Amino acid sequence: MSLLVTALAFALPVIFVLVPLAIFLVYSFFSVDQGTIVYAPTLGNYARFFTDPIFLPVFWNTIVLCLSVAIICILLAYPTAYFLTTLKGRWRYALLMLLLVPLLMSYVIKIYAIRSILGLNGFLNKALVTLGILEQPSTLFVFNMNAILLTLTLLLIPFAILPIFLSLERIPQTLLRASDDLGASGLQTFLRITLPLSLPGVASAASFVFVLAIGDFLTPQMVGGISGFTFGRILYSQFGTAYNWPFGAALSVALAIVVILAILIGERFGRNRGTSA
Amino acid sequence: MSQNSDLLTLRSVSKSYGKVPVLHDIDLSIRDGEFLTVLGPSGSGKTTVLRLIGGLEPLTSGEIRLDGNDISRMPINRRPFNTVFQDYALFPHMTVAGNVGYGLSVRHIKRKEIASRVAKALELVQLARFADRFPAQLSGGQRQRVALARALICQPRLILLDEPLAALDLELRRQMQEFLKSIQREIKTTFLFVTHDQEEAIGMADRICVMQAGHIRQLGTPHELYYRPNCEFVARFFGENNLVAGKLGRVQGEQRSIETALGRLVCSVSGQPGLKAAPDGASAFAAFRPEALRLAEARDGDNRFAGSIAELAFAGSSTIATITAGAEGVAQRLRLRMPSRIDGSALKSGETVSLSFAPNEGHLVLA
C-alpha cells in the first residue's frame, strides 16, 4: 500500500509534468511540410527563432513588459503588505482576505471588467475628463502595450501581496525591539532589519508575477489590440492559426528557459540565511 | 563610581495590561555598578519590571528616574540601557561582527572605530574567531555571548538581561553564570538580571529582589535572603527550608520562642524589630535550613525533639534525610542535610532519633 503511494507520488509528476515537457522538447526538433509534421530531427525552428527579425524583438519586449509588471506589482504590494502587518489581530486577516478575493473570480470576467474600465467610454477616461485632466477620452489605455501592463498588474497584484505579507509577518517582533533597544530610529530599523529580512518574500513575489505574466496570452489577446503583440500571442498563433506545432514547441522551449531562470533566481534570493535568531 | 549611589530609581511604579494589573506600586533602587537579580516565579511581574526600565513598554503609573531625572517617557532608542533578550534576538542576516557593531553603526560612528570596538568586544566575550559567522552557525552559548557583546558595546549605563540562560543546558549555564559575573566585574557596568532560578540568583547577584504576584517581597543580599527571609513566601521560595507553624511566645534578648507541634522552639530575632514587636500568640513559622538540623547531642538544651527517619537519599556530597516529627495528626515532615561519608550514613531508615538545631540558626517569619 505504502509502496503504491510512493510510486504514485513519483509517477504523477513524471506523467503529467516531465513527459509533456519532454514531448515538447522533442517536437521542437521536427518540422512541418504542407500541414503535416515531418518527424525528422532539424534545428530549423531554432534557427528561425534567432534569425527572423520578428521573433527576438517581440521576445525581448515581452520580457521587459513582464519585468515592468513585476516591478510595479512589488512597488504597490509592499506598502500594502506592510500596512497589513501593522494591523492588529482580526483586522489584519479580514483585510488580507478582501485583497485576495479577486483570485476567486473568473479570470476572463476580470479582464472584461478591466477592459471596460480602460476603454474609450470607460471609467478611467470619464473620470479623467470630468476632473479636467483630459480634454477628451484617450485611447491610450486600451488595445496597446499600456493596456496589457495595467491589466496584468491589476490581475497579478494579489500574488505579490501574499508572499511579501508572509515574509513580513514571519519577522520576529523581538528583532525589531532589539533594534530599537540598540538605539536605531524607526527608519533605520525598517531599512536595516525589516527590509532585508523581507527580501526573500519580495523575490518570490517578483518571480511569481513575472512567470504568470509571461505565460499569459489571454490578457494581451483581449486588451492588447494590434500593437500589443506579445510572445504569448505568437505562441498561441503557432498552435492555433498557423498550425505549426514544431515551431510553437521551439518557441515554448525558449519561453520555458526564461521561466525556469526566473524561478531559479527567485529561489536563490528567496532563501534566507538561516531564519533562526 | 561608588557602589552606594543610586543609578536608577522606580517610584510607585504600576503596570496593567488592560484591566489586569501585573505590578502594584513597585519601589526599587538600583545601585551604580551592582549586579541586581530580580527573582520570582512565572507571573510574578519580574520581566515586566525589566521591560518597563528598558522602555519596551509604557508605565501605567509612577515614575522611573535615572540619576534623579524622570525618564518614564523617554523613547526606547534614547535610553542608555541595552537588553540581552531571552531568545537573544540576533539579526539573522548579519554576521556576528555586524550584530555586535549594530548599536554603533546606527549612531553613525566611523567604520574604523566600529571595527576596533567590535574586535575589542568580541575579544571580551571570547568570540574573536567568529566575527564573520552568521548567528545560525553558532551554538546557544556562543549566541548568548554575541548578544552580550552587542549589548555592552554601546557602553550603556545599565544592561538588562531577560532570563538569558534559560535555553542553555545545565553545564553551559554554570559556565555562563561565572562568565557573566566576571564580565560584569571587568566592565563595571550595572547588570539587572531577571530569572526564576534561585540557584542562578544566589550564584551571581550582589543583591536579589524577590517578586511575587506583582509585589516586591524582599530585597537584600543572597545571605540576608537565605538566613533572614522576611515572609513565608521568601522562606519557602528561596532555598530548601523547614517551616513549622506555631504561635509566638516570649522575647528573651535577641531570641524569641514559638509554640509548635514539635514543642517550644527558640529562634533568633536579631536585627528583626518587626518580629520582636509582634504580639504574643501571633501566628508565625519557625524556619530552619536542612543543613542546620542535626542529631542532638547531650549538651543541647533548646530545640530538641524526636523524629523518625522516613527516607534517606544519597545526593553525592550530601545525604538528605526526610524525617517525620511530632505527634500523630500534627506530624511534620522535615528535611535534614548532612555531609556524606564514605563508610555509609550514620542514620538508618526507620530509626527514631533525637534532633536539634541551634537557636541562632533558626529564624521566624510571620504567617
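Within every chain, numbering begins at 1; the chains are lettered A, B, ... in the order of the sequence lines, protein sequences first and strands thereafter. Scope of the values below: all heavy atoms of this structure, side chains included, with no hydrogens, waters or symmetry mates. Keep in mind it's a predicted model, so treat the numbers as computed, not measured.
From B:Phe91, atom CZ reaches atom CG of A:Leu197 across 9.0 Å, with rounding to the nearest 0.5 Å. Note that CD of A:Gln188 and CG of B:Asn77 are 8.5 Å apart. Values are rounded to the nearest 0.5 Å.
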Show me the side-chain donor-acceptor pairs of residues 205-220 of chain A shorter than 3.5 Å, one per line, residues at least two apart or across chains.
residue, atom, partner, partner atom, Å
A:Ser207, OG, A:Ser204, O, 3.2
A:Asp216, OD1, A:Tyr107, OH, 3.3
A:Asp216, OD1, A:Leu218, N, 2.9
A:Asp216, OD1, A:Thr219, N, 3.2
A:Asp216, OD2, A:Tyr107, OH, 2.0
A:Asp216, OD2, A:Thr219, OG1, 2.6
A:Thr219, OG1, A:Tyr107, OH, 3.1

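Applying the 6.0 Å contact sphere to CZ of B:Arg78 captures no more than 12 heavy atoms from other residues, nucleotides or ligands. Counting heavy-atom neighbours within 6.0 Å of B:Glu123 CD, excluding the residue itself, gives a total of 12 or less. Under a cut-off of 6.0 angstrom, the local environment of OH in B:Tyr17 is crowded, with over 12 non-hydrogen atoms contributed by other residues, nucleotides or ligands. Sparse packing is recorded around CE of A:Met97, with 12 or fewer heavy atoms of other residues, nucleotides or ligands lying under 6.0 Å away.
Heavy-atom pairs under 4.5 Å with chain A peak, among B:Pro80, B:Gly55, B:Ser105, at B:Ser105. Highest contact tally toward chain B, considering only A:Thr189, A:Ile193, A:Asp181, A:Asp180, is held by A:Asp181 [criterion: heavy-atom pairs under 4.5 Å].
Smallest separation of non-hydrogen atoms from A:Arg177 and B:Ile76: O-CD1, 4.0 Å. Between A:Gly183 and B:Arg107, the shortest heavy-atom distance links the atoms CA-NH2, 3.9 Å.
B:Pro92 is listed as a side-chain neighbour of A:Leu175, based on a closest heavy-atom distance under 4.5 Å. Using a 4.5 Å heavy-atom threshold, the side chains of A:Arg192 and B:Tyr102 count as touching.
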